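Below, read A as the first sequence line, B as the second, and so on, with proteins coming before strands; counting in each chain starts at 1. Quantities reported herein were computed from a predicted structural model and do not represent experimental measurements.
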Amino acid sequence: MSSNGPNENNQRHTIGVLVENQPGVLARVAGLFSGRGFNIESLTVAETNEPGMSRITLVTTGDQHIVEQIIKQLNKLINVIKVIEFRNMEFVEREMALIKVKAEKQSRAEILRIVDIFRAKVVDVSPYSYIIEVTGDEGKISAILELLNQFGILELARTGKAAMARGKKEYGKKGLPHKIVTREQETVDE
Amino acid sequence: MKLTGAQIFFECLKREGVDVIFGYPGGAVLDIYHEMSNHNIKHILVRHEQGAAHAADGYARASGKVGVCLVTSGPGATNTVTGIATAYMDSVPMVVFTGQVPTHLIGNDAFQEVDITGITRPCTKHNYLVKDVRDLARVIREAFYLARSGRPGPVLVDLPKNVIQAVTNFVYPETVNLRGYRPTIEPHKGQVKRAAQAIRKAKRPVIYAGGGVIHSGASEELRKLAEILQIPVTTTLMGLGGFPATLKKGTKEFHPLWMGMLGMHGTYCANMAVSNCDLLFAIGARFDDRVTGKVEAFAPNATIIHIDVDPTSISKNVIVDIPIVGDCKRTLQYLISLFEEEPIHELKEKRRSWLEQIDEWKRAHPLTYKQEGNVIKPQFVVEKLYELSKGDAVITTEVGQNQMWTAQFYHFNEPRTLITSGGLGTMGYGFPAAIGAQVARPDKLVIDIAGDGSIQMNIQELVTAVCNELPVKIAILNNGYLGMVRQWQELFYNKNYCQTCLSASPDFVKLAEAYGAVGLKAVTPEEVEPVIKRALETPKTVIMEFVVDKEEGVYPMVPAGKPINEMLLV
C-alpha cells in the first residue's frame with residue numbers, strides 16, 4: 001500500500017520535533033528517515049528556550065500514509081518529546097538565506113533595488129560581490145533567487161525552514177497531553 | 001556510599017532482579033569481571049558473543065524477565081548485533097552491556113573500538129553511551145525500564161573502561177523520568193466500545209493473535225474471549241502458545257475454535273477463514289508480509305479491529321478500521337467485561353453456519369504427510385517429539401523448514417513454550433536460545449528442533465551446554481540441504497539447487513561426543529521413537545540426528561506476494 005516512489009499524492013510536509021538535547025538525537029531522527037527510504041528536504045535544529053530541549057523542523061515529501069508512519073515512528077523515539085505536524089492549522093514558516101551575488105559596477109544599483117523591494121539586507125560588500133541576507137517563506141526566497149540569478153549567484157547558504165503554529169498553544173510544556181496519542185484516538189469521542 | 005562503576009553495575013543488576021548474565025569477557029570489561037565474584041550472580045560463559053545475545057533472548061522469552069548479556073568492546077560488541085536485531089524484531093526485553101574503550105580514546109580508532117551505539121541505533125529500542133560514572137545508575141535503571149515496558153525490546157548500554165573504573169556516590173534512582181516515553185497501556189474506552197459493537201454485528205468473525213498476546217500475558221483472556229464469543233482463532237508464528245491448540249496436552253484433541261497458524265505456511269482453514277471473514281480481530285500482531293501475502297487481498301471484506309501497544313504497528317501495512325492502542329491484556333479484560341454485562345443474544349444460532357464452514361475447511365485440507373517406506377519424514381519426527389514429550393516441552397527452533405514443521409506439527413498449549421526467531425529469521429538462533437530457556441526453566445524439558453544447516457551456525461555452544469550441565473536436547477532434521485531455500489529453488493527457480501546442498505556435514509554423533517554431549521542417530525522410521533525415548537531419559541545434553549527425506553517440502557505454501565487463499569497444497 002505504501003510506496004516510496006513518486007506518487008501523485010506526494011506532498012510536502014513540515015514537521016516540528018521537540019527533542020531532549022541528548023548526544024545522538026539528531027542521528028536517531030535522521031536515521032529513521034534514511035533507514036526507511038524517506039527523504040528529508042530540509043532540516044534545522046537548535047536549542048529552545050527550555051534548557052535541555054531542542055527543536056528540529058524538517059520538511060519531507062510523501063503521501064499522507066507515509067507521513068503518518070513517519071510521525072508515529074518519530075513519536076516512538078525515546079528522546080522525542082513532541083511531534084507537531086503542520087497540517088490543517090495556521091502556522092508561520094520562515095527560512096533565511098545568505099546569497100553571495102556577483103556585483104559589477106553596472107549592476108550594483110539594480111541589485112540594491114531588488115534587495116530593497118524584498119526587504120532583504122546587504123551584510124557584506126566587496127568590490128565584486130555582495131552578500132545578501134533574506135528572510136521569508138519559500139516563495140519569497142525562490143523569487144529573489146530567480147531575480148538575482150541573472151547577475152550570477154556565487155554561493156548560496158539556506159537555513160532550511162523553521163515553523164511555528166499561530167496563536168496561543170504552546171508545545172512541549174510539561175503537563176500537556178503526552179505524546180503517544182495517535183490521531184485515530186484523538187478524533188474519537190466517547 | 002562511594003562505589004566504582006563496576007560495583008554500581010552489580011548493585012543495579014541486583015536491584016533489577018537479575019540473577020544470570022550471559023557473557024564473554026575481554027579487555028574493556030575486565031573491571032566488571034574482576035568485581036563479579038563479590039556478587040551473587042550467575043554468569044554463563046558462552047563461546048561466541050552471538051550465543052550470549054541469543055541465550056539472553058531465549059532466557060527472556062522463556063521466563064518473561066529481562067535477559068542480560070555482557071560482552072567486551074569492538075568485535076565482542078559487533079558479534080551481538082544479530083542477536084540484538086533478532087530480539088528487536090520479536091519485541092524481546094533484553095539489556096546488552098558492551099565494553100568500550102576509555103572515553104578519551106573514543107573516536108581515535110583505538111584497539112577494539114567500534115561505534116556500537118551508532119551501529120545498533122536502528123535495531124535497539126534505545127541505546128546509551130555512558131560518559132560519566134555519575135549517570136551509570138540512572139542509565140541502567142532506564143535501560144531495564146525501557147526494555148520491559150510498553151512494546152518490549154533490546155536496549156544497549158555502552159560502558160567505557162574508565163567509566164567502569166571511576167568512583168562516585170551510589171544512589172539508585174527511585175523513579176524513572178523519561179519525558180518522551182509514556183507508553184499507552186490503558187486503551188481508549190470509546191474505541192473498545194466501538195470494537196465491541198463491530199463484534200456484535202459480525203457474522204463471520206476471526207481472531208488473529210500475535211506475539212503481543214504472549215508479551216502482555218493475555219493468553220487466558222484471549223481464550224476466555226474466544227470461548228464466550230465463539231470466535232475461531234488463528235495465530236501467527238509468534239503467537240503460538242497464546243491460545244491452547246488442544247484440549248489436553250500431548251493429544252490431538254484440538255480445541256474446537258483453534259484453526260492453526262495462518263500465513264505463508266499456515267493451515268488451509270486459517271487462511272480461508274481470514275480471506276472470507278467479515279470481521280478480523282487482530283490482537284498484538286503486526287500484519288507481517290509472511291502473514292498477509294498480498295495485502296490488498298488480505299481479509300478483503302472484513303472490518304478490521306487492531307489492538308497493539310505500539311501505535312506504529314497500526315495501519316502500517318493494512319489500513320485498520322478500529323485501532324486500539326493499548327496493552328492486550330487490559331484491553332481484552334475490558335472487552336470481556338463488556339460482553340459479560342451484555343452477552344450476545346442467541347450466540348449459538350448466530351455462529352452455527354460460520355463454525356460449520358470452519359469445520360468443513362478443517363476437514364477439506366488438514367495438515368498432512370505420509371510416513372511410508374524406509375525414509376523418515378521430518379514431520380513424523382516432530383509429531384513423535386510432541387507425543388513423547390507429552391506436549392509439555394519448551395521448544396526452540398532454528399529457521400527454515402524445521403521451524404515451519406514445528407509450528408505445524410508440535411501443538412502448543414501454553415505461552416512461552418515456543419521460542420523461535422520469527423521476524424528476523426535468524427538461523428543459529430535456536431540452540432543458544434534453548435540454553436537460555438533451560439537456564440530460565442531448569443524444571444522443563446527443552447528441545448531445539450534444528451536443521452543440519454542452521455545448527456552449524458552456533459554449534460560451538462555445545463560446550464556451554466555441557467559444562468553448565470544443561471540437559472538441552474537437539475533434534476537435527478538432517479536432509480542434507482538448506483531445505484527451505486531448496487524448496488524455493490524447486491518451486492520458483494527451476495530446480496536449480498545452487499549452493500543449497502550440504503553434501504558434507506560433520507558426523508553429528510561424533511561431534512556431540514567430542515564436546516562431551518551424547519549423540520544419537522536414527523536412519524529408519526522404526527529408530528525414531530527409541531532414539532527420542534533414550535534422549536528424554538538421558539539427563540545430559542543430547543544431539544539426536546534424524547536422517548530425513550531429502551526433498552520433503554513444507555505445505556501448504558502461499559508463494560510470496562500472492563493472496564493467502566491461493567495456496568499450494570500437498
Problem set entry | Exceeds 12 heavy-atom contacts within 6.0 angstrom, atom NZ of Lys140(A) | yes

Seminar exercise, completed: Looking only at Ile322(B), Leu146(B), Leu178(B), most heavy-atom pairs under 4.5 Å shared with chain A are made by Leu146(B)

Exercise. Roughly how far apart are Arg179(B) CZ and Lys82(A) NZ, rounded to 0.5 Å?
Worked result: 11.5 Å

For this session: Report the C-alpha separation of Ile78(A) and Glu142(B) in whole Å, then their side-chain angles, then the decisive distance to 0.1 Å, and conclude whether the side-chain contact (heavy atoms from CB on, under 4.5 Å) test is met.
Result: CA-CA 11 Å; Ile78(A) 309 296; Glu142(B) 288 178 7; over 6 Å; no

Exercise. Are more than 12 heavy atoms from other residues, nucleotides or ligands located less than 6.0 Å from atom CD of Glu174(B)?
Worked result: no

For this session: List in chain and number order the residues that pass ring pair (Phe, Tyr, Trp, His ring centres under 6.0 Å) with Phe281(B), two or more places apart in sequence or in another chain; answer none if no residue qualifies.
Result: none

For this session: Return the set of residues passing side-chain hydrogen bond (donor to acceptor under 3.5 Å, both in side chains) with Glu20(A) (not counting sequence neighbours), or none when no residue passes.
Result: Asn79(A)

For this session: Could you tell me which non-hydrogen atom of Ile314(B) sits nearest to which non-hydrogen atom of Gln69(A), and how far apart they are?
Result: O-NE2, 4.4 Å

For this session: For Tyr128(A), look at atom OH and say whether over 12 heavy atoms of other residues, nucleotides or ligands are found less than 6.0 Å away.
Result: no

Exercise. Can you name the residues of residues 115-138 of chain B that have some heavy atom under 4.5 Å away from a heavy atom in chain A?
Worked result: Arg121(B), Lys125(B), His126(B), Asn127(B)

Problem set entry | Over all atoms of both residues, closest heavy-atom pair of Ser315(B) and Lys72(A) | CB-NZ, 4.3 Å

For this session: Quick one: list whatever passes side-chain hydrogen bond (donor to acceptor under 3.5 Å, both in side chains) with Lys100(A), sequence neighbours left out.
Result: Glu155(A)

Seminar exercise, completed: Rounding to 0.5 Å, atoms CG (Asn75(A)) and CZ (Arg182(B)) come to a distance of 12.0 Å

For this session: Please check if atom CE in Met96(A) has more than 12 non-hydrogen atoms from other residues, nucleotides or ligands closer than 6.0 Å.
Result: yes

